[in-house]
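These notes concern the structure reproduced below.
Numbers restart at 1 for each chain; the letters A, B, ... are given by sequence-line order, proteins then strands. Scope of the values below: all heavy atoms of this structure, side chains included, with no hydrogens, waters or symmetry mates.
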Amino acid sequence: MTVQQAKQKNNQQQGKKAKKPKTAITPTRAENFPEWYQSVISSADMAENSATRGCMVIKPYGYAIWEHFQQELNSRIKKHGVKNAYFPLLIPLRFFEKEAEHVDGFAKECAVVTHHRLEPDSENGGLKPAGELTEPMIIRPTSETIIGESFSNWINSYRDLPLKINQWANVMRWEMRPRMFLRTSEFMWQEGHNAFATATEADEDSRKMLAMYEEFAKNVMAIPMIAGEKTADERFPGAVATYTIEAILQDGKALQSATSHNLGQNFSTSANISFQSQDGEEKLAWTTSWGMTSRMIGAMIMMHADDDGLIVPPKVAPHQVYIIPVIHDDADRSDILNYCENLSKRLQDQDIRVELDASEKRTPDKMWGCIKQGVPLRVEIGKREMEAGNITHTRRDIGRDSKTTETVDAFCGKVTGILDDMQQSMYDVAYARTMSMIHDVKTLDEAHAFFADKNNVGQVRFDASLLQDEAFADLMKEFSVTPRCLIFANEGKVLVGRSY
RNA sequence: CGGGGUGUGGCGCAGUCUGGUAGCGCGCCUGCUUUGGGAGCAGGAUGCCGGGAGUUCGAAUCUCUUCACCCCGACCA
């Protein structure tokens, strides 16, 4: 049975019992998508808003997902010959001022550090800033300028190129409208910065890193992406070209999920990243930068989660298998727990991330907790299973229709396969939905008609030449849609729609 | 930063118009019965009603002022 069929069947069954099936998350996606999103996060215990304005606390379960994410992405980055390093959080204002377009793009959202000391404030009994800095610092919104400073020191000869450096870091952009994972004032990411001797190499590199992100999104996060190039208006400030992968979420809005920029010689000019070429000539390097952020966790939620909460792709799931002992009679407790322990060890030996819930919580609470946290495989073990040498397991993405009871040996033999199937199936479902949300139109009138009908969700795709049409500006304004990208896979076509 | 909304036990809300002992549901704790898709009964704990200033004999309630969060725009990974 496919996931769609299973879900359909599930819905039909629930439909018979009650008009409105009980869901773990309220409101449902259909009722209120933004609130549903928040509720999924808190129900899964992933993160919460912090006392610090615009910032969030990533709780252990959410952070564990991020750690698997990092691990997978980091190994891919290294395979591209990139080395990790770390640069300062604070950037002297004068470095930041060097690249004019860059300043225009980020100035409005920079946090500025102006003092280096606190002293008692006699007026209110608290503390006040003192020790004004001779030169203000900004908290990095991105690090092109400060890394450029280092690159100008590190790069002297064509022999020093290419130079490929990545850092895992937090950055700060003073956001007006924060949303957990999607847009917070402080967020975590990796930012790669590469330098080359030629323009061709730089452009190839920025496309290659985008392809890496696309592959990562597909195979690790099970998220299909629309890869393409940003239009000039949507470009990174200071870039010659910006390449992007866009996810189309369940509500039809697009989410820019990672970007890779060909910076040309803009930053090497302002930071003076120059080298002596083979023929002894002084030349400016060609640089790229590329980043993917904790926003991707938000994409994962909005792509995969359902009205019962989170569904985590097995590749990044903190617990891939969750074992719930079902204990009726205290006399069986230690036997059942031992049985569960044995299974847990066998799964660990297969490098499966397994969690055994031996807590005092009631069984149904454990089950719903497991569902809301989106654990891929739930295993229930009671006296019945134990005595028959069995276990019962259920896949999170399919639900109760996937409930299977079989022997421990049979399960251990195929658990890896089940997880792989689920990973693939999550992608397939997401891919089908993404494609169903892209609507081809021939004219701007057709696009207008599409967005004017409130029943329509998704994005439109049309000939990129229409972007020059005056009516396009009106379309953008009326429906707050923007060109998401010039689609690589559909040459000459642009994707247009609402976005986060 | 503009327009709208909301701040009341851990969470969700009522009470505010018309000032007069702070309430409900869920959760939490204790006990018993339960336990395979959100258990039942009984008892119990938890609030400077977002902060500050006023008006008043008296303020969750009226006035002013601040702060935070949510939704819609503009901006953005």
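- Judged by Watson-Crick or G-U wobble contacts below 3.5 Å, the nucleotide G12(B) has C24(B) as its partner.
- If you measure from atom CZ of Phe69(A) to atom P of A77(B), you get 16 Å, rounded to the nearest angstrom.
- Taking a cutoff of 4.0 Å between a charged side-chain nitrogen and a carboxylate oxygen, Asp474(A) and Lys477(A) do not qualify as a salt bridge.
- The phosphate of A77(B) has neither OP1 nor OP2 within less than 4.0 Å of any side-chain N or O from Arg140(A).
- Among the atoms of the strands shown, only primed sugar atoms or phosphate atoms (P, OP1, OP2) are found under 4.0 Å from some heavy atom of Ser480(A).
- Between Arg179(A) and C72(B) there is a side-chain polar atom (N or O) within less than 4.0 angstrom of OP1 or OP2.
- At the heavy-atom level, Leu255(A) lies nowhere under 4.0 Å from the strands shown.
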Handout entry: Asn390(A) vs Glu406(A), side-chain contact (heavy atoms from CB on, under 4.5 Å): CA-CA, chis, key distance, verdict
Key = CA-CA 5 Å; Asn390(A) 284 345; Glu406(A) 60 189 341; 5.5 Å; no
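- Nucleotide G47(B) forms a pair with no other nucleotide shown, judged by Watson-Crick or G-U wobble geometry with both contacts under 3.5 Å.
- Trp168(A) has its CH2 atom 18 Å from the P atom of A77(B), to the nearest Å.
- Taking only side-chain atoms of Thr259(A), from C-beta outward, the nucleotide of A77(B), U35(B), C75(B) with the closest atom is A77(B).
- Contact annotation for Lys372(A): base contact, defined as any heavy-atom pair under 4.0 Å involving a base atom.
- Comparing G36(B), G38(B), C69(B) by their closest approach to the side chain of Thr363(A) singles out G36(B).
- Nucleic acid contact for Glu385(A): base, since at least one base atom lies under 4.0 Å from a heavy atom of the residue.
- No engagement by Gly291(A) is indicated, since no non-hydrogen atom pair under 4.0 Å with the nucleic acid exists.
- Within 4.0 Å (heavy atoms only), Gln38(A) reaches sugar-phosphate atoms of the nucleic acid but no base atom.
- In this structure, Ser43(A) reaches neither bases nor backbone, as no heavy-atom distance under 4.0 Å exists between it and the strands shown.
- Residue Gly369(A) is classed as having no contact, given no heavy-atom separation below 4.0 Å to the nucleic acid.
- Checking U35(B), C70(B), A77(B) against the side-chain heavy atoms of Arg173(A) singles out A77(B) as nearest.
- Judged by Watson-Crick or G-U wobble contacts below 3.5 Å, the nucleotide G31(B) has C41(B) as its partner.
- Atom CD in Glu35(A) sits about 8 Å away from atom P in C13(B), given to the nearest Å.
- Shown here, U56(B) forms no base pair; nothing in the strands shown gives a Watson-Crick or G-U wobble contact with both key distances under 3.5 Å.
- Rounded to a whole Å, the NZ atom of Lys477(A) is 11 Å from the P atom of C75(B).
- Listed nucleotides G36(B), A39(B), A77(B) differ in distance to Arg384(A); the shortest reach to its side chain belongs to G36(B).
- For Tyr213(A) and Tyr243(A), the gap between ring centers reaches or exceeds 6.0 Å.
- Side-chain proximity of Ile371(A) to the nucleotides G37(B), C76(B), C70(B) is greatest for G37(B).
- Nearest to the side chain of Glu175(A), among A77(B), G36(B), C70(B), sits A77(B).
- Between Lys315(A) and Glu72(A) there is no salt bridge, since none of the side-chain N atoms of the basic residue sits less than 4.0 Å from a carboxylate O of the acidic one.
- Looking at heavy atoms from C-beta onward, Trp174(A) lies out of side-chain contact with Lys108(A) at the 4.5 angstrom threshold.
- Contact annotation: side chain of Glu380(A) to base of G37(B), donor-acceptor pair absent below 3.5 Å.
- Taking the nucleotide of RNA chain B with the nearest heavy atom to each of Trp189(A) and Lys383(A), the more 5' of the two is matched to Lys383(A).
- Going from atom CE of Met180(A) over to atom P of C70(B) covers 8 Å, rounded to whole Å.
- Tyr500(A) comes within 4.0 angstrom of a base, heavy atoms only.
- The pair Asp329(A)-Lys383(A) does not meet the salt-bridge criterion, since no charged nitrogen lies less than 4.0 angstrom from a carboxylate oxygen.
- The partner of A77(B), taking Watson-Crick or G-U wobble pairs whose two distances both stay under 3.5 Å, does not exist in any strand shown.
- Searching all strands for a Watson-Crick or G-U wobble partner of G7(B) with both distances below 3.5 Å returns C67(B).
- For the atom pair CD1 (Ile223(A)) and OG1 (Thr434(A)), the distance works out to 9.0 Å, reported to the nearest 0.5 Å.
- In the set G38(B), U35(B), A77(B), the nucleotide with an atom closest to the side chain of Trp368(A) is G38(B).
- Where stacking is scored as ring centres under 5.5 Å apart with planes under 30°, Phe187(A) registers as stacked on the base of A77(B).
- For a distance-only test at 3.5 Å, the side chain of Arg183(A) qualifies as a donor-acceptor partner of the base of C76(B).
- Under the Watson-Crick or G-U wobble criterion, with both distances below 3.5 Å, G2(B) is paired with C72(B).
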Handout entry: Glu246(A) vs Lys230(A), salt bridge (Lys or Arg N to Asp or Glu O under 4.0 Å): CA-CA, chis, key distance, verdict
Key = CA-CA 10 Å; Glu246(A) 305 273 329; Lys230(A) 284 289 184 190; 2.8 Å; yes
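- With both ends at atom P, the span from C62(B) to C26(B) equals 30 Å, rounded to whole Å.
- For Tyr37(A) and C70(B), the OH to P distance is 12 Å, given to the nearest whole Å.
- When rounded to the nearest whole Å, the span between CZ of Arg362(A) and C1' of G36(B) equals 13 Å.
- In the set G38(B), A77(B), C75(B), the nucleotide with an atom closest to the side chain of Pro364(A) is G38(B).
- Here A77(B) is the nucleotide among A77(B), G37(B), C71(B) with the atom lying nearest to any side-chain atom of Gln256(A).
- For Ala24(A), counting side-chain heavy atoms from C-beta on, the closest listed nucleotide (A77(B), G38(B), A39(B)) is G38(B).
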